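Here is the structure we will look at.
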Amino acid sequence: MSRAPRTLYEKIWDSHVVERAEDGTCLLYIDRHLVHEVTSPQAFEGLRLAGRPVRRPDLTLAVADHNLPTTKRVDANGMRLPIADPESAGQLAALEANVAEFGVPYLDADAAEQGIVHVVGPEQGFTLPGTILVCGDSHTAAHGALGALAFGIGTSEVEHVLATQSLQLKPSKTMEVRVDGSLGFGVSPKDLILFIIGRIGAGGGTGHVIEYRGEAFAAMSVEGRLTIANMSIEAGARSGLFAPDDKTFAYLKGRPMAPHGEEWERAVAAWRDLATDAGARFDRSIRFDAREVAPIVSWGTSPEDVAPITASVPEPDSFADPERRAAARKALAYMGLVAGQKLQDVAVEHIFIGSCTNSRIEDLRAAADVMRGRKVSASIRQALVVPGSGLVKRQAEAEGLDRIFTEAGFDWREPGCSMCLAMNPDKVPPQGRCASTSNRNFVGRQGPGARTHLLSPAMAAAAAVTGRLADVRELIRS
Amino acid sequence: MKAVTRIQGRAIPFGRRNVDTDVIIGAGHLKTITRIGLGRHAFETVRAEPGNVFDDPAFAGAPILIAGDNFGCGSSREHAAWALADMGIEAVIAPGFSDIFAGNAFRNGIAAIVLPQRAVDRLLVVAADHMLTVDLHIMTVASPAGDLYHFEMDAFRRECLMAGHDEIALTLAREPAIRAYELRTGT
Ligand code: SF4
């Protein structure tokens, strides 16, 4: 019997249905569950109160990232240093007690493999094509770069998955974002996803799962795809997907938790069948040309507030929609910017290179390439490089990137979420302005009153060198 | 979860639109490790306003909250629902809710009840002097002043609330199907 052509999303969904109700709600099997310290304590508490075990600890992996300070974690004798903030220390202690009590595999806070949950999953081969992966965190979408259907869940759902290894869900709509052509000189995947969010809006993907298709994505490395998929949620989409291809398989081969030997061969053969069938229909399709994309910076307090670095701060009245006009006016007041001001004239005092969006080895290489032989401008008060995991950190050190950064005047830190959100000691002070490779420029995200400009790692380095938002193409051309 | 079929008592006439999860519970309280105790930090920024409804002794311990449209927008963190539950709220009445918040509320035993703006406006006035009764069985909100409004609610959610089922217990009852899936797929 021949089947109707299906999208990648539909294939993954269909293969995970345990039971389907009449109204379309499905009980879906969950293959992989990542757990971190912020959204899990109440879930474990719920299990404890109900006397329930974790159903499949072997499909669960825990790691702490949000609260951990990025300064030294162990003293000269290898003893763990205490966390000063009692509530942060409490969340870490709760996670460690819970994983011990429930037998959940855990990457210790001072293990080499520790890192941001969305960096660790792919790196360990825990994230695999064709699986459904969840985590109590909205940026779980990142794992879709490897062809996993990955999305964030709330704490009750975390408890539900821990207890049952399944979730009750209704299918999403599908949306194709197709980008052909190739990215220009000095333009990175981060610029492309900021460009896309700018075009479709922060709510443009609501109710949909996005599949990224076309030449620009086919040519992109897995790390670049992780940056793109990660920010799907900033376009309102629950999840972002890339069809697994040879690049995906090469990335995963030999990773500790990926299949090995004959099992690997069988897995790859199955993964090849996941790609969207010719003729499959998406509920929505959007196309762009990669050649239109320039290095981008954000100017407001929503990830849709973006412009090419060569542009000026927009005039709020230039927006047709009255709500958008009002939001832009508010955003400019919060950001301390004036309409018409050139983006390249905006001085910054803080630089943050890190977060689950841009803290992998290619990101650090791109920033280091700009920094090589240069110094952080004297006007910069704080410049941080925070690798996404201990393994990224080690690799960067083996390549000498840490020396390029420290000699330029950057702080070289331990892995964690760091300045992406103000939950640990790395914060931007009130009214401080930060060039940041993270994913959210919301009011107060990097600290109360903090002003965030989202950009790529190379652009963050360019801002570090010049002390203002700058066009990285001018620095690397010379 | 506690079964709820009938919720009767005072209703806090809040009425504000687009109340996001940060307003319900400030981001500074996300580091807690239990579900309880967030109630006293709920609506902190609103409570800083003189004469706010939350500090009006008439509404102390009220089980119902009346809000404006798009209640609970913003973050997916469940702390907002926990804070309301900890305040003793069992039902929120509004013209509309954020999807994620409505799901979180339901999972924590709070009925998110959608009524048209005009009905909500009327209830905001009535609530100043009267108790309200929410009946999940017949799906009505009533006041002793003679108001009677019908609402719709997802059948599954309504049943869960009325039976006090928790969703996890319901799924655990599907264990044979889950086990069969694992055997079939070799998971
Ligand atoms: S790096 Fe930022 S976005 Fe990513 S998981 Fe951590 S806090 Fe969330």
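Naming: A, B, ... by sequence-line order, numbering from 1 per chain. Note that this is a predicted model, so its numbers are computed, not measured.
Looking at A:Asn67, only its side chain comes within 4.5 Å of chain B, counting heavy atoms on both sides. Using a 4.5 Å cut-off between heavy atoms, A:Leu59 touches chain B through its side chain atoms alone. Looking at A:Asp85, the atoms closer than 4.5 Å to chain B (heavy atoms on both sides) all sit in the side chain, from C-beta outward. Both the backbone and the side chain of B:Ala169 come within less than 4.5 Å of a heavy atom of chain A. For A:Thr164, the parts lying under 4.5 angstrom from a heavy atom of chain B are both the backbone and the side chain. Proximity to chain B is limited to the side chain of A:Glu19, based on heavy atoms less than 4.5 angstrom apart. For A:Glu159, the parts sitting under 4.5 Å from any heavy atom of chain B are the backbone and the side chain alike. If you measure heavy-atom distances from A:Ser156 to chain B, the contacts under 4.5 Å come from both the backbone and the side chain. In this structure, no portion of A:Ser40 lies under 4.5 Å from any heavy atom of chain B. At a 4.5 Å heavy-atom cutoff, the contact between A:Ala163 and chain B is made by backbone and side-chain atoms alike.
With A:Gln91 contributing its side chain and B:Lys31 its backbone, the two residues share a donor-acceptor pair below 3.5 Å. Side-chain N or O atoms of A:Glu45 include none that pairs as donor or acceptor with a backbone N or O of B:Ile33 at under 3.5 Å. The main-chain N or O of A:Leu27 is never found under 3.5 Å from a side-chain atom of B:Arg174 such that the two would form a donor-acceptor pair.
Counting heavy-atom neighbours within 6.0 Å of B:Arg17 CZ, excluding the residue itself, gives a total of 12 or less. Around CD1 of B:Ile36, the count of heavy atoms belonging to other residues, nucleotides or ligands within 6.0 Å does not exceed 12. Applying the 6.0 Å contact sphere to CZ of B:Arg47 captures more than 12 heavy atoms from other residues, nucleotides or ligands. The environment of NE2 in B:His137 is sparse: at most 12 heavy-atom neighbours from other residues, nucleotides or ligands sit within 6.0 Å.
Comparing A:Leu421, A:Val38, A:Val18, A:Thr25 by heavy-atom pairs within less than 4.5 Å of chain B, the highest count is held by A:Val18. Annotation: maximal heavy-atom pairing with chain B below 4.5 Å, among A:Arg56, A:Gln165, A:Glu37, occurs at A:Arg56. Contact count against chain A (heavy-atom pairs under 4.5 Å) is highest for B:Leu30 among B:Asp22, B:Ile100, B:Thr185, B:Leu30. Note on A:Glu87, A:His160, A:Gln168: by heavy-atom pairs under 4.5 Å with chain B, the leading option is A:His160.
How far OG1 of B:Thr171 is from CG of A:Leu167: 8.0 Å, rounded to the nearest 0.5 Å. One finds the OG atom of A:Ser166 at 9.0 Å from the CD atom of B:Glu175 (value rounded to the nearest 0.5 Å). Note that CG of A:Leu49 and CZ of B:Arg35 are 8.0 Å apart. Values are rounded to the nearest 0.5 Å. Rounding to the nearest 0.5 Å gives a distance of 7.0 Å between NE2 of A:His16 and OG1 of B:Thr187.
The shortest distance between side-chain heavy atoms of A:Arg52 and B:Leu172 falls below 4.5 Å. Here the side chains of B:Glu78 and A:Thr39 are not in contact, with every heavy-atom distance at 4.5 Å or above.
A pairwise comparison of heavy atoms in A:Gln42 and B:Thr34 identifies NE2-O, 3.1 Å as the closest pair. Contact record, B:Tyr181 with A:Val17: CD1-O, 4.0 Å, taken as the closest heavy-atom pair.
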